[in-house]
2 protein chains.
Amino acid sequence: MKDPLENWLEELLEKHEGEQMTDKQSRILRAAVEVFAEKGYSGAATSEIAQRAGVAEGTIFRHYRTKKDLLYSIVAPFVARLIEPFVLRGLYPLIDKPHATFEGFVRGLLDNRIAFAEKNIKVIRILLQEVPFHPELREQFLSKVADRVLQKMSRVVNHYREQGQIVDLPALTTIRMVGSTLFGYLLVRFLLAPKEWNDAQEREATIQFILHGISRKD
Amino acid sequence: MKDPLENWLEELLEKHEGEQMTDKQSRILRAAVEVFAEKGYSGAATSEIAQRAGVAEGTIFRHYRTKKDLLYSIVAPFVARLIEPFVLRGLYPLIDKPHATFEGFVRGLLDNRIAFAEKNIKVIRILLQEVPFHPELREQFLSKVADRVLQKMSRVVNHYREQGQIVDLPALTTIRMVGSTLFGYLLVRFLLAPKEWNDAQEREATIQFILHGISRKD
DNA sequence: ATAAAAAGTGAGTAATCACTCATTTATTAA
DNA sequence: TTAATAAATGAGTGATTACTCACTTTTTAT
């Protein structure tokens with residue numbers, strides 16, 4: 001793997017099943033990530049995954065009972081474990097020891113999410129592509145992410161609201177709008193990837209937009 | 001079709017090829033929209049589309065040379081024609097005769113996009129699902145939507161900026177952030193569809209967020 | 001060194017896929 | 001009514017699919 005940022009895969013490979021994993025098994029996982037990301041679950045053939053991994057097709061089914069098992073072995077840990085400890089682990093410092101200012105919190109959040117997106121683009125892509133077609137994934141995603149993250153976030157947002165730093169709105173509404181803005185930033189930067197992109201400037205504008213909106217106050 | 005809002009399909013059915021369309025042909029299109037939306041392109045079997053349409057499988061291929069042709073006959077007109085005249089047609093009143101205030105413009109834009117999303121959820125869903133796997137679609141989408149819409153929008157945004165109503169930022173940055181917020185609103189409302197949703201309140205909060213951000217000015 | 005267990009193989013299988021085509025049914029024109 | 005044209009059919013086709021299994025190779029334990 002040339003991309004040094006994709007350490008999530010390494011973590012997955014090491015921790016998988018608690019036991020160690022053979023060379024071929026890890027190549028299957030890497031190839032599966034590639035093909036699923038390129039063609040989607042339905043469009044991905046196990047024969048192609050085997051070919052790219054340089055193993056016999058039967059080897060895949062020695063380790064994963066079905067093709068769906070293979071998908072889940074990639075995505076489920078990402079949802080259940082990477083989102084839970086890894087994602088939230090990154091957020092805990094922000095949540096448990098909140099910055100004095102809401103602005104500081106948002107800046108930290110932005111840095112944090114950028115780093116996370118950089119490391120995990122491929123799985124995020126697979127997840128976004130497959131979630132519409134797999135209700136189980138959607139359910140797990142929503143119960144893990146939505147419930148846990150939203151709950152934590154609500155506490156943080158309420159904290160700043162009680163301090164009078166941010167406007168008086170339901171926490172979920174606030175989270176939706178800050179989230180939309182961050183999500184839009186990440187989407188444009190990583191998936192649309194426009195040619196002209198002054199990142200420092202875009203980041204600062206995003207922060208200022210969240211804080212003060214777009215209308216001129218004079 | 002029970003849903004009276006889905007008039008885009010009627011328009012597609014009537015205008016298709018300029019010629020009139022047989023009963024079976026329109027039932028094929030309706031069924032195809034259903035199945036593509038549910039299972040995605042790769043996961044949708046032509047046999048199932050035929051079954052749901054109540055026609056023989058051969059009939060599908062009498063009208064559409066390939067399965068991909070069938071997908072395009074649904075999606076391409078939406079991109080090329082519905083986005084162009086229908087989407088932009090809806091925007092033209094906003095663009096050509098801009099409101100006196102930026103706030104009025106944003107309010108109009110929000111109403112406009114909500115109405116559009118309500119009428120076209122299914123195709124939007126198909127488009128969002130398939131765009132990652134079909135470079136031609138992506139290209140067409142970007143060249144039609146991105147280029148045309150962004151160009152028009154930039155003019156509007158620059159207009160308000162020159163009037164001093166909004167902050168001094170590149171038009172594309174402004175559009176990204178307003179767009180993110182609107183997109184987030186639509187996504188949460190139509191795709192996540194939370195149980196508790198006071199729409200009037202959420203709309204107003206969204207407008208205020210775009211205008212003034214989230215920090216308290218006292 | 002040897003036996004047992006685990007990992008890996010690839011030809012084979014039934015099911016399903018998109019698509020074809022000879023034939024039948026419905027529509028139109030005279 | 002009849003001939004010509006178009007629409008619709010569904011059994012059939014080869015290709016591809018996910019998956020199996022009898023077998024070989026490699027690793028581990030003694």
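Note that this is a predicted model, so its numbers are computed, not measured. By convention in this document, chain letters (A, B, ...) are assigned in the order of the sequence lines, proteins followed by strands, and residues within each chain are numbered from 1.
Between A:F102 and A:Y160, the angle of the ring planes goes over 60°, which puts this pair in the perpendicular group of the 30/60° scheme. Between B:Y185 and B:W197, the ring planes lie tilted relative to each other; the angle falls in the 30° to 60° range.
In terms of position along DNA chain D, the nucleotide closest to B:A56 lies nearer the 5' end than the nucleotide closest to the other residue of the pair A:R62 and B:A56. The nearest heavy atom of DNA chain C to A:E57 and to B:S42 marks one nucleotide each, and the one closer to the 5' end goes with A:E57.
A donor-acceptor contact closer than 3.5 angstrom links the side chains of A:T46 and A:E57.
Listed pair A:T22 / C:dA7 fails the phosphate criterion, with no side-chain N or O lying under 4.0 Å from OP1 or OP2. Contact annotation: B:K24 reaches the phosphate of D:dT9 (side-chain N/O to OP1 or OP2, under 4.0 Å). For the pair A:T46 and D:dT17, the criterion of a side-chain N or O lying under 4.0 Å from OP1 or OP2 is not met. Between D:dA8 and B:H63, a contact under 4.0 Å exists linking OP1 or OP2 to a side-chain N or O. Of the side-chain N and O atoms in A:T66, none sit less than 4.0 angstrom from OP1 or OP2 of D:dA18.
The interatomic distance linking B:R65 (CZ) with C:dC19 (P) rounds to 9 Å, in whole Å. Note: CD1 (B:I49) to P (C:dT16) measures 17 Å, nearest angstrom. The distance from atom NZ of B:K39 to atom P of C:dA18 is 11 Å, rounded to the nearest whole Å. Rounded to whole Å, the distance from CZ on B:R27 to C1' on D:dT9 is 14 Å. Distance CD (A:E48) to P (D:dA18): 10 Å, rounded to an integer number of Å. Rounded to whole Å, atom P of D:dA11 lies 16 Å from atom CD1 of B:I60. Between the CD atom of B:Q25 and the P atom of D:dA7 there is a distance of 8 Å, rounded to whole Å. Atom CG of B:D23 is separated from atom P of D:dT9 by 10 Å (rounded to the nearest Å).
Nearest nucleotide to the B:A45 side chain, out of D:dT17, C:dG8, C:dC17: C:dC17. Closest to the side chain of B:F61, out of C:dC19, D:dT9, D:dT17, is C:dC19.
Taking the centre of each ring, A:F209 and B:F209 come in below the 6.0 Å mark.
A salt bridge links A:D199 and A:R203; the closest N-O separation between the charged side-chain nitrogens and carboxylate oxygens is under 4.0 Å.
Within 4.0 Å (heavy atoms only), A:A44 reaches sugar-phosphate atoms of the nucleic acid but no base atom.
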